[in-house]
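For ligands, and for the atoms within them, numbers begin at 1 and follow the listed sequence.
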Amino acid sequence: MATISKVLQSRQEKMIDTGNKVTVVGVGQVGMATVFSLLTQGVTNNIVMVDTNEDKLKGEMMDLQHGSAFLCNATIKAGTDYSITADSQICVIAAGVRQMEGEDRRNLVQRNVEVLKGIVPQLLKYSPNTIFLITSNPVDVLTYVTWKISGLPKHRVIGSGTNLDSARFRYLLSQKLNIAPTSCHAYIIGEHGDSSVPVWSSVNIAGVRLRDLNKNIGLDCDEENWKETHTQVVQSAYEVIKLKGYTSWAIGLSLTQLIKAILTNVASVHAVTTSLKGEHGITEDVFLSLPCVLGRNGILDVIRQPLTDVEREQLLQSAKVMADVQSNIKF
Ligand code: 6V0
């Protein structure tokens, strides 16, 4: 220190708070894929990781710190004590149990509700102004649970929802059409998982709606069988889990995109989990995905996409299933 002070002539105090602190709770496959892509994409250089497994936490922290020379002078902290999360702009919850091979996401609900009951109040205690981003499964129900436990306004409790399903959909469309996924504009809404709803009526390339070229696209009577593409989306996670035991990279990239949108206040549109009360004829506080505008305050707007009768019916069906799951939760 004494040596360096001879050459560093201080002109200004260094700013400690970069205003982009992100906490990730759960340093499993999803948590670490998220942290890695946040750091390598330079979305934040201030990361805190929390978990109940001290050894894993320390190992992950040290491994990342050893990569610091390749990052943007990142501050990387980890610990089991939530005080280190103080003043986080965003708290990601990726903790809890995951699906076993062939297991439905909804099967995890009560076990992960118990996990959330331990985590949410702690995070809120140290970061009362934070935005929650939930990814633990079943993500839609757990976003509702986080909203209930936290007492926060709805725009500050967001679920990763069908941003990932939409990305899988766009990838599969891109393979069929030979056009980049970024130019295949398509949304999957509703539940992240088995009852998700592909909005075929608005799938478009440069404003050209595929439905105008094939009026039956996505329907049972479609001779081109585009419906199969959505079936593949629904099967994606099951297939990857069967092959490698878990999913990680795509969900990590999906969360990174959402976090970037919030921290940079960019007003970009993503399908994320929020309350659907008042949308498309839904009257209950059911949490599912719709396209939302994201910015520094969380969810800025929900987009009222025109839906066909078939799509609306599927969404209402999804909402019914969710309302049923929600009503059985023990708080
Ligand atoms: P994992 O690899 O088993 O990691 C879970 C981590 O959570 C472990 O490190 C645990 O120690 C930690 N943990 C458990 N309880 C607590 C607690 N009370 N406090 C702090 N940490 C705790 O699981 P993985 O990372 O694969 O999955 C995490 C969650 O994300 C699961 O619920 C998955 O089902 C869910 N996923 C959600 C996806 C989505 O698209 N929304 C995608 C993939 C997985």
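- Here's the thing with Thr135: one of its N/O atoms is less than 3.5 angstrom from an N/O atom of ligand 1.
- Val30 pairs with exactly one of Thr135, Val24, Val92, Asn137 by the side chain to side chain contact (heavy atoms under 4.5 Å, CB included) rule, that one being Thr135.
- Each of Val286, Thr283, Asp285 was scored for a side chain to side chain contact (heavy atoms under 4.5 Å, CB included) with Lys277, with one residue passing: Asp285.
- The distance criterion of under 3.5 Å between nitrogen or oxygen atoms is met by Gln29 with respect to ligand 1.
- Between atom 5 (C) of ligand 1 and the options Gly26, Gly31, Gly96, the minimum heavy-atom separation is to Gly96.
- By the criterion of a heavy-atom distance under 4.0 Å, both the backbone and the side chain of Ala95 are placed next to ligand 1.
- Counting non-hydrogen atoms of other residues, nucleotides and ligands closer than 6.0 Å to NZ of Lys154 gives a total above 12.
- Residue His192 touches ligand 1 through its side chain alone, judged by heavy-atom distances below 4.0 Å.
- Scanning for side chain to side chain donor-acceptor pair (under 3.5 Å) contacts around Thr23 gives Ser88, with sequence neighbours left out.
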Working note: Ile282 + Leu316, criterion side-chain contact (heavy atoms from CB on, under 4.5 Å); need CA distance, chi angles, decisive distance, verdict. CA-CA 7 Å; Ile282 295 167; Leu316 292 177; 3.5 Å; yes
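- You'll find the side chain of Val25 reaches within 4.5 Å of the side chain of Tyr82, heavy atoms only.
- Around NZ of Lys242, the count of heavy atoms belonging to other residues, nucleotides or ligands within 6.0 Å does not exceed 12.
- At a cut-off of 3.5 Å, with distance as the only test, a side-chain donor of Glu224 or Asn214 sits close to an acceptor on the other residue.
- Interface atoms of ligand 1 facing Asn112, defined by a heavy-atom separation under 4.0 Å, are 32 (O).
- Note: no N/O pair closer than 3.5 Å links Ile119 and ligand 1 by distance alone.
- Regarding atom 18 (N) of ligand 1, its nearest protein heavy-atom neighbour is Val115 CG1, 3.7 Å.
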Going through the distances and angles, do Lys56 and Glu60 end up as a salt bridge (charged side-chain N to carboxylate O under 4.0 Å, His left out)? CA-CA 6 Å; Lys56 173 102 161 87; Glu60 293 291 9; 2.6 Å; yes
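- The protein heavy-atom contact nearest to atom 26 (O) of ligand 1 is Arg98 NH1, 3.1 Å.
- Atom 44 (C) of ligand 1 has Val30 CG2, 3.4 Å as its closest protein atom, hydrogens excluded (heavy atom only).
- Set against the non-hydrogen atoms of Ser160, the atoms of ligand 1 under 4.0 Å away are 41 (N).
- The shortest N or O to N or O distance between Asn137 and ligand 1 is under 3.5 Å.
- Between the side chains of Asn163 and Gln257, at least one donor N or O lies within less than 3.5 Å of an accepting N or O.
- Neither the backbone nor the side chain of Val50 comes within contact range of ligand 1; no heavy atom lies under 4.0 Å.
- Close N/O approach between Asp51 and ligand 1 is found [any backbone or side-chain N/O within under 3.5 Å].
- Residue contacts with ligand 1 for Leu164 involve side-chain atoms from C-beta outward but no N, CA, C or O (heavy atoms, distance under 4.0 Å).
- Comparing Pro138, Gly161, Ala94 by heavy-atom distance to atom 28 (C) of ligand 1, the nearest is Ala94.
- Contact annotation for Thr52 and ligand 1: heavy atoms of both the backbone and the side chain come within less than 4.0 Å of the ligand.
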Going through the checks in order, is the side-chain contact (heavy atoms from CB on, under 4.5 Å) test met by Leu116 and Ile149? CA-CA 8 Å; Leu116 284 185; Ile149 299 174; 4.2 Å; yes
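- When hydrogens are left out, the protein atom nearest atom 4 (O) of ligand 1 is Gly28 CA, 3.1 Å; that is the closest non-hydrogen contact.
- The shortest N/O to N/O separation between Val139 and ligand 1 does not fall below 3.5 Å.
- For atom 31 (C) of ligand 1, the nearest protein heavy atom (residue, atom name, distance) is Val97 O, 3.1 Å.
- In this structure, Lys176 satisfies the cation-pi test against Trp226, with its NZ or CZ atom closer than 6.0 Å to the six-membered ring centre and inside 45 degrees of the ring normal.
- Each of the atoms 29 (C), 30 (O), 32 (O), 35 (C) of ligand 1 lies under 4.0 Å from some heavy atom of Ser136.
- Close contacts between ligand 1 and Thr247 involve ligand atoms 42 (C), 43 (C) [criterion: under 4.0 Å to a heavy atom].
- Looking only at side-chain heavy atoms (C-beta outward), Ile158 and Ile299 come within less than 4.5 Å of each other.
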